[in-house]
Structure formats: C-alpha cells, structure tokens
Amino acid sequence: MRGHVVGPICMLALAAWSAPWAQNVKITPLGSHAGELCSRDRATIFEDPTGVRILYDAGQSVTGAEDPRLGRIDVVLLTHAHGDHIGDQKMKGLDSGTCDNPQLVSAAPNSTTAEIAAAKNAALVMVTPLANFIGRKIETIRGKPTAACGPPESDLLAPFAAPCLAIVQIGGTRLVKTSGASKAVEIATVPAVHDSTVPLLLMMEAARKALEPDNVSFTLGPPVGYVIRFTNGLVAYLTGDTGIHADMQTVARDFYKANLIELNYGPNALNPEGAAYAVNALVQPASVIITHVNEGATSGGKVKPTSRTAAFIGLVKSRPVYPALSGKTMEFDGAGKCVAGC
C-alpha cells in the first residue's frame, strides 16, 4: 500500500517542482571562446518557454550559418549596421586566436546576419533600411526574393517556411508565437544613441567605388535597441550600442518596466561611471547581463580584476551583474532573477 501512496505523491511533488523551471527564459551568449567574455562577443540567443528562439546581433563571434551552437532560429534581430553587429567578419573557427584578439575571416559580401537568416528561415525584425539590406543579401544567397512575413498587425507564426521581412520603425512592435501557443513574445524597437553606417565591403561594387574616395558609407536607418516581453513575464531591455539617453528611463523602465538589461559596454559610448548610472538610476533592473566589452574581460570564466568590465561591475549597486560567458546558458524567471546557470 505504501508504494501506491508514495508514488503519486512523489510524482505530484516532482511536477510542482519542475513546472516553474519550465517557465524560465533561456539566454545563451555565443562568443569566440567557450566559457569566456571576449573582445568580439556580441551574439545572444533568447529562448522563450513556448519555444520561440531569437538571435540578437549575430556579429563576428559566430562561424556563420553552419555554427553548431545556433540550432533553430525563428527571429533575427539587428540593432545597427556596424561590422561587429551585422557580421562583416566571422570566426575562422571556434576558440581560434585569443580572447583579446580572435581569429576572423571575411563574411563579405553576405554578412553573418544574412547567412544565418537565410539558412534558418528566420524572420527579420528590424528597422526598414536594415531589413531591406539584409533581405537583398538573402535573395542573393537563395536566388529568390525575400517576402514580407505578413501584415504588420498580424502575429508572426514560427517556424517559418522561408526567411521573411518583419519590418518595424522605432517604437514598433511585432508579436511572435509558435503554433499552438496561447501567448506570443512581444518584440519592440526602442531608441539608441549611436551610428548605423554599413561596412563598404558589404556594399555592391558601384556604390562602394562611389563612396571609397571620401571614406564614407551609407547609414541604414537609425540605430535601435529592443525590449522583449517574454511569455513568463520577463521583460528584457537589449540596449544595442548606445550612450546614456533619457529613454532608458522613460521607455525601458517607466513604460515597459524592464527587469533585465543586456548592456552593450563599448568604450566609445560608455565609461564605467556612465554605464553604472544607466543601470542604477535610469533602468533599475533586477539583473544585468554585460556584453560587447571590447576586451578579453575574463580568464577561466572569472572577470579580470583590472578590466574595464570589473570597474563597471564594482559601481553597480543592489543587483547582480552577469558576464555573457560564451556557451553558458542562464535561465531567468519572470521577475528578472537568474535561477540557473549564473
């Protein structure tokens, strides 16, 4: 009799314990060196509990569409056209070179963003000029036009049969859901203060030759960040490359109520004091993920005490800061708390 009583109780206890864990958002950085935060690291995969998988800024720390770490990708996000985000170069091989200076090869003329979106049949959620530019690259790869994903007011249903354009403007929102899911992931574009010129090597020959003498390039629309509302309640603010600006408070904190920030910490936009002010005073999230540090910030997975990254972490108050260690999946609950992998 005891076996008949304990068995169901154990099963109920196991179900009660595992259900909350099933509702976590999984966040996996894809950097150049496993277990480290390195100078070229940009790419991050976000996986909603419903299965929607989002690639954020593919950049240069992937090996291209064949990178074994990618898996299924439903949505590709791109904040701006700079080479280290659009992916004018890619890793020669995982862990090649050093953390401070990874070994890269050209990804021209297509870019890592276009290669991955084409191979994964992903929706491009980005501002119009960027989406059109990447869409044309995908057309070249596949030999057929890149169509719209559907009307702007309709949900995007993943997985997709072919790569498609889900164009937005700043402030615009797209909803993505998997078949059968009752809730959708909401992706909104938000302002960033930066630049968005495309590398000349990714341009067509005629345009490149016209611009090279003056050492200038085209701007592909405004730079952006993203706010993603996941189905478990987590609200992640992905800053993109940006300096401090008031919308960090009025949009990311006050309107969207972001409880997680993934902060791009490039030295040409933020010093340690400015980055800490953005976190402590403007956004005030529950947790911070730091990426885009432009240095070999860690050794053995630990932040180097003399690094810029350490200087920033030392100024952040009342909330944890997690370095975006390549290949290490972190899980976040709806309140923005890391509950596994941190």
Nearest non-hydrogen partners of Ser326 and Gly31, listed with the distance: OG-N, 2.8 Å
Donor + acceptor pair across side chains of Ser217, Thr197 (<3.5 Å): no
Min side-chain heavy-atom separation Pro102-Met91 under 4.5 Å: yes
Salt-bridge criterion met for Glu47 and Arg53 (N-O under 4.0 Å): yes
Glu205 and Arg208: CA distance, side-chain angles, deciding distance, salt bridge (charged side-chain N to carboxylate O under 4.0 Å, His left out) verdict: CA-CA 5 Å; Glu205 184 178 4; Arg208 183 171 67 249; 5.1 Å; no
Phe312 vs Tyr265, ring-ring contact (aromatic ring centres under 6.0 Å, His included): CA-CA, chis, key distance, verdict: CA-CA 9 Å; Phe312 160 72; Tyr265 183 51; 5.3 Å; yes
OH/Tyr256: more than 12 non-hydrogen atoms of other groups inside 6.0 Å: yes
Heavy-atom pair with the smallest gap, counting every atom of Pro222 and Ser196: C-CB, 4.5 Å
Asp333 side chain to Gly336 backbone, donor-acceptor under 3.5 Å: yes
For residues 181-188, dump all side-chain donor-acceptor pairs below 3.5 Å to protein atoms at least two apart in sequence or in another chain.
residue: Lys183; atom: NZ; partner: Thr231; partner atom: O; Å: 2.7
residue: Glu186; atom: OE1; partner: Arg229; partner atom: NH1; Å: 3.3
residue: Glu186; atom: OE2; partner: Arg229; partner atom: NH1; Å: 3.4

Check: Gly296 main-chain N/O paired with Asp100 side-chain donor or acceptor under 3.5 Å: yes
Modelled atom types, side-chain donor and acceptor of Ser39 and Glu295, under 3.5 Å: no
Minimal non-hydrogen separation, Met248 against Val283, with atom names: O-CG2, 3.8 Å
Validation row: Asn268, His194 side chains within 4.5 angstrom (heavy atoms): yes
Heavy-atom closest pair, residues Thr178 and Thr50: OG1-O, 3.1 Å
Met126 CE to Ile167 CD1 distance, which is reported to the nearest 0.5 Å: 10.0 Å
Shortest non-hydrogen separation from His33 to Gly97 and the atoms involved: NE2-O, 3.0 Å
Side-chain touch Thr189/Gln169, heavy atoms, less than 4.5 angstrom: no
Atom of Leu156, atom of Cys149 and distance for their closest heavy-atom approach: CD2-CB, 3.6 Å
Whether Asn280 side chain and Leu315 backbone form a donor-acceptor pair below 3.5 Å: yes
Lys90 (side chain) donor-acceptor with Gly87 (main chain) under 3.5 angstrom: no
Whether His85 and His80 hold their rings parallel, tilted or perpendicular, with breakpoints at 30° and 60°: tilted
Within 6.0 angstrom of Lys26 NZ, more than 12 heavy atoms from elsewhere: no
